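Structure record follows, encoded as structure tokens.
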There are 2 protein chains.
Amino acid sequence: MAIPRAAKTQRRTRIQEEKEERILEAALDVFSQNGFRGATIDQIADAAGMSKPNLLYYFRTKEAIHRHLIDRVLFTWLEPLRAFDAEGNPESEIRSYIRRKLEMARDFPRESRLFANEVLQGAPHIEDELKGPLKELVDEKAEVIRAWARSGKIAKCDPYHLIFSIWSTTQHYADFDVQVRAVLGQDYAGEGRFEDAARFLEQLFIDGLRARNA
Amino acid sequence: MAIPRAAKTQRRTRIQEEKEERILEAALDVFSQNGFRGATIDQIADAAGMSKPNLLYYFRTKEAIHRHLIDRVLFTWLEPLRAFDAEGNPESEIRSYIRRKLEMARDFPRESRLFANEVLQGAPHIEDELKGPLKELVDEKAEVIRAWARSGKIAKCDPYHLIFSIWSTTQHYADFDVQVRAVLGQDYAGEGRFEDAARFLEQLFIDGLRARNA
DNA sequence: CGATAATTTGACCGCTTGGTAAAACATTAC
DNA sequence: GTAATGTTTTACCAAGCGGTCAAATTATCG
């Protein structure tokens with residue numbers, strides 16, 4: 001007779017841990033492809049290879065699964081920006097930031113789409129995180145960029161819009177993948193487009209931001 | 001006793017025309033905010049100020065409304081790219097393309113989000129349009145850009161990824177509006193961010209693509 | 001006016017959805 | 001072992017969904 005619902009016991013069994021992971025993995029698939037409202041618990045349960053009530057034993061509601069995923073993604077998604085180093089060389093910092101974001105778009109497209117879906121629909125579940133932690137981190141890094149510009153290491157530019165443009169150009173390859181593939185055609189087999197994109201974006205941003213002694 | 005369903009009569013009454021317009025307007029609101037699956041006919045009917053069966057008298061299915069909207073958006077969305085002129089000055093062509101795309105993001109964010117929602121979820125309704133007309137148009141304009149690069153008017157670069165990067169950076173201000181606002185803070189009242197974005201993007205792309213005689 | 005066609009409404013249907021209840025089953029602790 | 005706890009299943013529900021139907025209402029036209 002279980003009053004439970006997983007969280008009751010402080011120490012979670014391995015079976016709990018394993019099942020929860022399987023659920024989240026399946027949910028990532030489904031949510032990222034259909035959005036929150038488009039996803040159904042049955043779909044997720046199917047993909048996780050268990051019955052719906054069984055799934056609901058681990059997560060009480062559909063929203064609980066979603067929140068769990070969103071929290072996780074939000075954290076890892078900002079890693080590359082956190083790594084942005086004020087002491088480093090501006091050009092190589094920007095270059096490696098672009099690289100890392102592009103790698104994430106390539107390796108974790110579902111996470112990117114999950115996030116995009118959420119923001120696109122007004123970010124109903126994460127407004128606070130955006131206005132709080134996210135804004136603070138961006139403010140901090142914007143100051144770093146501004147300092148680089150002031151000291152003439154890169155061209156003067158609006159640091160916020162610089163960050164936005166790196167976000168958008170890199171995530172585009174995950175979020176708009178179907179469109180990218182459609183336009184490039186299938187002769188573009190494999191992941192070559194990511195290498196090409198990296199080359200292009202590095203050129204664009206590095207040359208576009210190179211300090212001009214005018 | 002009407003066998004009707006609007007399309008039966010070749011000549012549509014003004015009342016038909018007006019109601020259909022009201023429905024599409026309402027549907028744009030709802031679809032762009034909730035995606036296809038997230039939107040309900042009741043919501044759209046409510047927003048259009050009519051009953052559900054009444055709405056279904058004008059559009060037989062939810063998909064019919066959606067297809068109508070998507071077709072319309074797809075067409076107008078490509079206008080700026082079509083205007084891209086091979087004979088013009090490369091720098092000013094690119095500059096005004098960015099401007100126009102940014103203006104569309106500002107003035108028609110719902111249209112942008114409708115499209116983004118669709119592509120994000122795998123473009124189930126418009127795969128053919130992407131692989132057909134869209135690809136052809138992009139191929140054509142990519143050739144123009146390549147010619148500019150060959151003749152040394154702009155730096156050598158991958159024209160496809162250049163187009164992608166203009167699309168993504170500009171549409172970002174419509175699709176990720178909540179995030180942009182959250183990060184910039186509400187001190188950013190009004191639409192000033194679009195002017196700032198325009199300045200930044202023009203600088204980035206123009207300087208990033210300026211021909212290098214190296 | 002009356003007749004005919006166009007529009008609107010309310011009642012309804014079958015299916016899917018998120019979620020529950022309770023009992024069956026499995027596992028662990030002693 | 002057995003008792004307690006943890007897990008899974010079967011059956012189910014109430015609400016929401018896309019869509020239909022037939023009757024009621026309104027507009028149009030001679």
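Letters A, B, ... mirror the listed sequences (proteins, then strands); counts begin at 1. Being a predicted model, the structure only gives us computed values, none of them experimental.
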Without placing hydrogens or testing angles, list every side-chain donor-acceptor pair under 3.5 Å for residues 24-35 of chain B, not counting sequence neighbours.
residue: B:Glu25; atom: OE2; partner: B:Arg110; partner atom: NH1; Å: 2.9
residue: B:Glu25; atom: OE2; partner: B:Arg110; partner atom: NH2; Å: 3.3
residue: B:Asp29; atom: OD1; partner: B:Arg110; partner atom: NH1; Å: 2.7
residue: B:Ser32; atom: OG; partner: B:Leu28; partner atom: O; Å: 2.8
residue: B:Ser32; atom: OG; partner: B:Asp29; partner atom: O; Å: 3.1

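- Shown here are the salt bridge (charged side-chain N to carboxylate O under 4.0 Å, His left out) partners of A:Asp71, two or more places apart in sequence or in another chain: there are none.
- Applying the salt bridge (charged side-chain N to carboxylate O under 4.0 Å, His left out) rule to A:Glu140 yields no partners; only residues at least two apart in sequence or on another chain are considered.
- Taking only side-chain atoms of B:Leu56, from C-beta outward, the nucleotide of D:dT20, C:dT20, C:dT7 with the closest atom is D:dT20.
- Near-neighbour residues of DNA chain C inside residues 39-47 of chain A, defined by a heavy atom below 4.0 Å, number-ordered: A:Ala39, A:Thr40, A:Ile41.
- Mapped onto DNA chain D by nearest heavy atom, A:Arg37 and A:Leu55 fall at different nucleotides, with A:Leu55 at the one closer to the 5' end.
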Which donor-acceptor pairs under 3.5 Å do side chains of residues 127-135 of chain B form with protein atoms, sequence neighbours excluded?
residue: B:Glu127; atom: OE2; partner: B:Lys131; partner atom: NZ; Å: 2.9
residue: B:Lys135; atom: NZ; partner: A:Val183; partner atom: O; Å: 3.2
residue: B:Lys135; atom: NZ; partner: B:Asp139; partner atom: OD2; Å: 3.1

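- Note on residues 36-49 of chain A: pairs passing salt bridge (charged side-chain N to carboxylate O under 4.0 Å, His left out), not counting sequence neighbours, are A:Asp42-A:Lys52.
- Under the rule for a ring-ring contact (aromatic ring centres under 6.0 Å, His included), the partners of A:His125 that lie at least two apart in sequence or sit in another chain are A:Phe36, A:His66.
- Looking at every heavy atom in both residues, A:Lys141 comes nearest to A:Phe84 through NZ-O, 2.7 Å.
- Evaluation of the salt bridge (charged side-chain N to carboxylate O under 4.0 Å, His left out) rule for A:Lys62 yields no partner, not counting sequence neighbours.
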Distances under 3.5 Å between nitrogen or oxygen atoms of protein and nucleotides 10-15 of chain D:
none

Determine all donor-acceptor pairs shorter than 3.5 Å in which one atom belongs to a side chain in residues 97-109 of chain B; sequence neighbours excluded.
residue: B:Tyr97; atom: OH; partner: B:Trp167; partner atom: NE1; Å: 2.9
residue: B:Arg99; atom: NE; partner: B:Glu202; partner atom: OE2; Å: 2.8
residue: B:Arg99; atom: NH1; partner: B:Glu195; partner atom: OE2; Å: 3.4

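- Taking side-chain N and O atoms only, B:Gln16 has a distance below 4.0 Å to OP1 or OP2 of C:dT7.
- Interatomic distance, CD1 of B:Ile23 versus OH of B:Tyr57, reported as 11.0 Å (0.5 Å rounding).
- Side-chain nitrogen and oxygen atoms of A:Asn54 include none within less than 4.0 Å of the OP1 or OP2 phosphate oxygen of D:dT7.
- By the salt bridge (charged side-chain N to carboxylate O under 4.0 Å, His left out) test, B:Glu136 pairs with no residue at all, sequence neighbours left out.
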For nucleotides 26-29 of chain D, list the nitrogen or oxygen atoms of the protein found under 3.5 Å from its nitrogen or oxygen atoms, one pair per line.
residue: D:dT28; atom: OP1; partner: B:Arg14; partner atom: NH1; Å: 3.3
residue: D:dT28; atom: OP1; partner: B:Arg14; partner atom: NH2; Å: 3.1

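- One interatomic measurement links the two molecules: CE of B:Met50 to P of C:dG10, which rounds to 14 Å at whole-angstrom precision.
- For B:Tyr57, a side-chain nitrogen or oxygen approaches OP1 or OP2 of C:dT7 to under 4.0 Å.
- The side chain of B:Tyr58 places no N or O atom within less than 4.0 Å of a non-bridging phosphate oxygen (OP1 or OP2) of C:dA6.
- Atom C1' of nucleotide C:dT7 and atom CZ of B:Phe59 are separated by 15 Å, given to the nearest angstrom.
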